There are 2 protein chains.
Amino acid sequence: MRGTRARGATADEAKQATGEACAAPRRTRRRRAAVTLNEVAAGAGVAPIAVSRALNNPASVSPALRSRIEQAVEQLGYVPNRMAGALASARTRVIPVIVPSLSNVVFVEVIEGIQEAVEAQGYQMLLGSTGYDLGHEAALAATLLGWAPPGMMVAGLRHETRTATLLRNAGIPIVEFMETGRAPIDMNVGLSHVRAGAAMAEHLLARGYRRIGFVGLRMKDDYRARQRYDGLRRQLAGKAAVVLFDREGGAGQGGGQQVGWDALPDLLAITPALDALFFANDEMAVGALLRARRDGTDVPGRIAIAGFNGLPIAALTTPTLTTIVSPRKQIGREAAAMLLARIAGREPTTRRLDVGFTLEAGGST
Amino acid sequence: MRGTRARGATADEAKQATGEACAAPRRTRRRRAAVTLNEVAAGAGVAPIAVSRALNNPASVSPALRSRIEQAVEQLGYVPNRMAGALASARTRVIPVIVPSLSNVVFVEVIEGIQEAVEAQGYQMLLGSTGYDLGHEAALAATLLGWAPPGMMVAGLRHETRTATLLRNAGIPIVEFMETGRAPIDMNVGLSHVRAGAAMAEHLLARGYRRIGFVGLRMKDDYRARQRYDGLRRQLAGKAAVVLFDREGGAGQGGGQQVGWDALPDLLAITPALDALFFANDEMAVGALLRARRDGTDVPGRIAIAGFNGLPIAALTTPTLTTIVSPRKQIGREAAAMLLARIAGREPTTRRLDVGFTLEAGGST
DNA sequence: CTGAAAGCGCTTACAG
DNA sequence: CTGAAAGCGCTTACAG
């Protein structure tokens, strides 16, 4: 009987086959000294459910009861157990957000946009960072789904198959944010990095540059940078020479600056014919600008420099840095708005939003 | 009766009528189609508890059972419900971390240190940001405690009384990280911002500066910057003149750069006798350096400039920026190590750790 | 508006 | 090593 028990035996069948009436002896298992809803109810002389209602939907309780309950809550220092509430209602107010990195300003600003929007609706953000590792992303997604969130947000449109399957089958709204380009699992907000690269190509061509280098940092992991390079390369095809430099190092916040700083003299020495460098991000570009400043290298006379992201510092360098501004905070806000709409049972204006970008031409090109 | 019911009329109402003595008719309330542990148990032909054990402590189950269970888990795509587990065990593996802001690199690096350490032990970080609002901090702390975390981390030693009370009474280990100086609620990791200010005072005195300005950004909120100013002021007392400038604006990432950029010409115009400026952070100092560069203002000839934090860019400017390096990642790691030790029932080496700082003298002073 | 009962999906505590 | 029972602290669904 043991091995073949099978299907129907939902062990949920807790038969209360006690000999007597039904009252089994109680064992207590409480480990925390925390005040419970039942204690508040006892304190206020009401039923537990009344406390629940007074807390979650005050209008559904008479003012008299409500004030008695509020007093008891206050006096006992009651803090509701969210896990119990979530388990009972099958609803959490925690929204997981998965990003590749926190040491990249870009994600931080998107996150801020998300947090503002989400908190305004009484939700909490649960942040996970993958370190640009899609395997880690899969593990994170699985764990986070265990909290039965009402929705989820994840950076990027590229995931391992199992991640996509997991998210698709979770039966909750999902927003993939950052780039556009392929069909999302559910909803998508971002910009086309391919088009951004192409836009920079047009700009550099228009200013007369014909021997252009793209400088990336660990491009293997950063596929959005690869997309920008692809856009650049295709747009330049037949019109200018392009070369890709993939640099290593520079982990952590501000690390990109050091990479740009180190790259500039290297590249100029090895490929002296270069007339323009498009860096994968503004941090690297700023590092290169600072290096040029220290070494007395003329920008853009000797070499033009451009970046990507539109960080505030781009407007403060001498010369100012040509860059592409991505509306990061907007991405966060829009992504959150879409998700919250769906969570609330409404249909967002659109499920796929391209927020675009702006090329800010500075003195560095 | 129909109109007032509302709420959650659900789908799968599998009624399992039982006709026994005490067994009341069962109502089912499942709302998600998610696979449960009971279903896995049924699938594997074992008791639910065996599944629980196979997942949480594989060694406690025979290999035969384990592989049957693992197969069922795999096949059904089972994702454990963390809320149920947490409720039953009164244990979560989520550690809340409260910081004032994410748009400040400094906190991001501390957070990274925390995340690395915490994830390595199988815990998850739940991030909350207060926007430098201690009222918001109190609300966040209360909500986060509702998840019955095994411990908690919060930036700073200053909180509203109710926050401190709440945390103290939570009966879990708490680490306050960032600054040292006063008695913590439980544990503390950080550095003395007063001493950091004093160290800069000594440096500026040694280099011959006697008319020194401290430039802060929204100092009302940033009490750590106030501490640095206090340290500076006291150390300079009787030896040099000090003046405090409290600037507004510059919200968000990189906003400080703009503030420094704007401040420099203002301050030089209004208080031309100044010979040195100590900025509350490197971002502002870098903004000022870039402005000096553009305007042709001699640094340090006309005005010396110093910052605080030790961001990588400080080494790349011309001249290089004098700054105080704070070991941010170390703060995060140490704070996490302390907390994890206590969670594991061990006593950390110390409950109060001063990680110190290093003054990096550059060409800007 | 108010409440008694049952159940959410797990784990603990006990027993074999 | 394995399992039956009870309970974690809430909320839903139903009834007055």
Side-chain angles (χ1 to χ4, degrees), chain A residues 2 5 10-18 22-32 34-41 45-57 59-66 69 78-92 146 148, chain B residues 1-2 4-10 13-14 16 22-32 34-41 45-66 69 78-92 146 148:
Chain A
R2 190 152 300 253
R5 184 134 8 105
T10 357
D12 208 10
E13 304 299 71
K15 296 223 163 128
Q16 306 158 315
T18 53
C22 281
R26 293 229 157 178
R27 285 172 305 181
T28 300
R29 286 202 299 167
R30 274 180 60 197
R31 266 126 305 176
R32 288 182 185 284
V35 177
T36 70
L37 180 141
N38 279 319
E39 289 164 4
V40 174
V46 301
I49 183 62
V51 178
S52 171
R53 280 198 276 253
L55 261 35
N56 296 323
N57 186 9
S60 69
V61 169
S62 69
L65 255 198
R66 199 189 314 151
I69 291 168
Y78 172 61
V79 178
N81 183 320
R82 305 276 161 196
M83 262 123 31
L87 180 59
S89 66
R91 229 183 293 132
T92 333
Chain B
M1 128 188 219
R2 187 152 303 252
T4 42
R5 184 96 38 84
R7 302 277 116 181
T10 15
E13 304 286 271
Q16 311 155 286
C22 306
R26 292 234 160 176
R27 288 169 303 178
T28 301
R29 286 200 300 166
R30 275 181 58 198
R31 265 127 305 176
R32 289 182 184 284
V35 177
T36 70
L37 179 141
N38 281 319
E39 290 165 4
V40 174
V46 300
I49 184 63
V51 178
S52 171
R53 281 198 274 253
L55 260 36
N56 296 324
N57 187 11
S60 69
V61 170
S62 69
L65 256 197
R66 201 188 313 152
I69 290 167
Y78 172 60
V79 178
N81 182 321
R82 304 275 161 197
M83 262 124 30
L87 180 59
S89 67
R91 229 184 294 130
T92 332

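Convention: sequence-line order gives letters A, B, ...; per-chain numbering from 1. The shown structure was predicted, so the numbers you read here are calculated from the model rather than taken from an experiment.
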Under 4.0 Å between a side-chain N/O of A:Y78 and OP1 or OP2 of D:dC10, yes or no? yes

5' precedence on DNA chain D between B:S62 and A:L37 (nearest-nucleotide basis): B:S62

Does [X] reach the side chain of [Y], with side-chain heavy atoms less than 4.5 Å apart?
X: B:V51; Y: B:V46; result: yes
X: B:L65; Y: B:S62; result: yes
X: B:V35; Y: B:E39; result: yes
X: A:L37; Y: A:S52; result: yes

From B:L87 atom CG to A:N81 atom CG, the distance as rounded to the nearest 0.5 Å: 6.0 Å

To the nearest 0.5 Å, tell me how far B:R53 CZ sits from B:I69 CD1. 9.5 Å

Might you point out which heavy atoms bring A:A86 and B:M83 nearest each other, and give the distance in Å? CB-SD, 3.6 Å

Please find the pair of heavy atoms, one from B:N38 and one from B:P48, that lie closest to each other, and give the distance. OD1-CG, 3.1 Å

Does any N or O in the side chain of B:T92 come within less than 3.5 Å of the main-chain N or O of B:A148, such that one atom is a donor and the other an acceptor? yes

For DNA chain D, what is the dot-bracket line, given that a base pair needs Watson-Crick (N1 to N3, plus N6-O4 or O6-N4) or G-U wobble (N1-O2 and O6-N3) geometry with both distances under 3.5 Å, and | means paired with another strand? |||.||||||||.|||

If I take atom [atom1] in residue [X] and atom [atom2] in nucleotide [N], what distance separates them, rounded to the nearest angstrom?
X: A:M83; N: C:dG7; atom1: CE; atom2: P; value: 23 Å
X: B:L65; N: D:dG3; atom1: CG; atom2: P; value: 6 Å
X: A:R82; N: C:dC8; atom1: CZ; atom2: C1'; value: 18 Å
X: B:N81; N: C:dG9; atom1: CG; atom2: C1'; value: 6 Å
X: B:L87; N: D:dG7; atom1: CG; atom2: C1'; value: 9 Å

Tell me which residues in residues 49-58 of chain B put a heavy atom below 4.0 Å from DNA chain C, sorted by number, or none. B:I49, B:S52, B:N56

Any base atoms under 4.0 Å from A:A84, or only sugar-phosphate, or nothing? Heavy atoms, all strands. base

